[in-house]
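Model, not experiment: these values are computed from the prediction. Just so we're on the same page: letters track the sequence lines, and every chain starts at 1.
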2 protein chains.
Amino acid sequence: MTIDEAFGAVLKELRASKGITQEQLGFDADLDRTFISLLERGLRQPSLASIFQLSKALGVSPSHIVQRVEDTLSAASKR
Amino acid sequence: MTIDEAFGAVLKELRASKGITQEQLGFDADLDRTFISLLERGLRQPSLASIFQLSKALGVSPSHIVQRVEDTLSAASKR
DNA sequence: GTGTAGACTCACGTCGACG
DNA sequence: ACGTCGACGTGAGTCTACA
């Protein structure tokens with residue numbers, strides 16, 4: 001489990017819980033739709049600025065997202 | 001106050017409180033010394049992976065660093 | 001609505017060297 | 001011990017287009 005994959009899983013989960021599409025998230029976060037797709041599948045990693053933009057669009061704090069990435073990683077390492 | 005500048009300030013502060021040099025931090029985080037210099041002065045922004053590497057070298061959690069960046073930004077916006 | 005591809009610009013991150 | 005410069009390879013992020 002890489003950092004990128006963990007972030008992608010968290011992003012996908014947060015977006016689903018908000019009930020919006022990748023297109024809407026891309027619009028709200030001012031990021032390209034295809035880039036959101038790459039992020040969710042762990043093929044790209046976000047910069048710090050992108051994390052802040054996404055968190056704002058998702059209505060959560062940036063540190064909360066990072067916290068969940070940490071949790072996802074530690075949970076995966078215990079398998 | 002940009003995100004990059006806020007991160008740089010936090011990084012510099014955390015490194016100073018640990019009492020180590022940029023060189024040592026670069027070695028511990030497996031990042032180039034010149035890049036640490038750029039980060040601390042807000043001329044570059046880190047990727048998510050870099051944040052994790054730096055936080056590990058500094059002995060704090062990644063989410064804690066991000067949290068402090070948020071605090072620094074909100075404190076600066078109230079001036 | 002999403003995955004994928006190509007092509008593109010610019011920023012990340014490394015390296016060697018000098019003040 | 002740090003700032004800075006130039007150069008370099010790779011990756012972030014955009015855009016158009018098709019399944």
Does C:dC12 have OP1 or OP2 under 4.0 Å away from a side-chain N or O of B:Ser50? no
Need one value for B:Leu38: base, sugar-phosphate or nothing, where a base atom within 4.0 Å counts as base even if backbone is also close, heavy atoms only. nothing
Polar side chain donor-acceptor pair, A:Gln24 to A:Asp28, under 3.5 angstrom: no
Any B:Gln22 side-chain nitrogen or oxygen under 4.0 Å from OP1 or OP2 of D:dG3: yes
Of the candidate nucleotides C:dG13, D:dT14, D:dC2, which contains the atom at the shortest distance from the side chain of B:Pro46? C:dG13
According to a strict under-4.0 Å criterion, is A:Arg33 in side-chain N/O contact with OP1 or OP2 of D:dT16? no
Between CD1 of B:Ile51 and C1' of C:dC12 the distance, given in whole Å, is 13 Å
Candidate list B:Glu40, B:Arg33, B:Lys12, test side-chain hydrogen bond (donor to acceptor under 3.5 Å, both in side chains), partner B:Gln22, passing option: B:Glu40
Nearest to the side chain of A:Glu23, which nucleotide is it out of D:dA1, D:dG3, C:dT2? C:dT2
Nearest to the side chain of B:Thr34 - C:dG1, D:dC2, C:dC15? C:dC15
Taking pairing as Watson-Crick or G-U wobble with both contacts under 3.5 Å, can you name the mate of D:dC5, or confirm there isn't one? C:dG16
Indicate whether OP1 or OP2 belonging to C:dA11 is found under 4.0 Å from a side-chain N or O atom of B:Arg44. no
To the nearest 0.5 Å, what is the distance between CD1 on A:Ile3 and CD on A:Glu70? 10.0 Å
Distance in angstrom units between A:Lys12 NZ and C:dT2 P, rounded: 9 Å
Check the phosphate of C:dG13 against B:Ser47, side-chain N and O only, distance under 4.0 Å to OP1 or OP2. Yes or no? yes
Picking from D:dT14, D:dA12, C:dG13, the nucleotide nearest the side-chain atoms of A:Asp32 would be D:dT14
Take atom CG of B:Leu54 and atom P of C:dC12, then tell me their distance rounded to the nearest Å. 14 Å
Given D:dC2, is OP1 or OP2 found less than 4.0 Å from the side-chain N or O atoms of B:Ser37? no
Cut-off 3.5 Å, side chains only: do B:Ser47 and B:Ser50 have a donor facing an acceptor? yes
Looking for any heavy atom pair under 4.0 Å, which part of the strands does A:Asp30 touch: base, sugar-phosphate only, or nothing? sugar-phosphate
Do A:Phe52 and A:Phe27 belong to the same hydrophobic cluster, where Ile, Leu, Val, Met, Phe, Trp and Tyr are linked whenever their side-chain heavy atoms lie under 4.5 Å apart, directly or via other members? no
Check every atom of C:dT2, C:dC12, D:dA1 against the side chain of A:Thr21 and return the nucleotide holding the closest atom. C:dT2
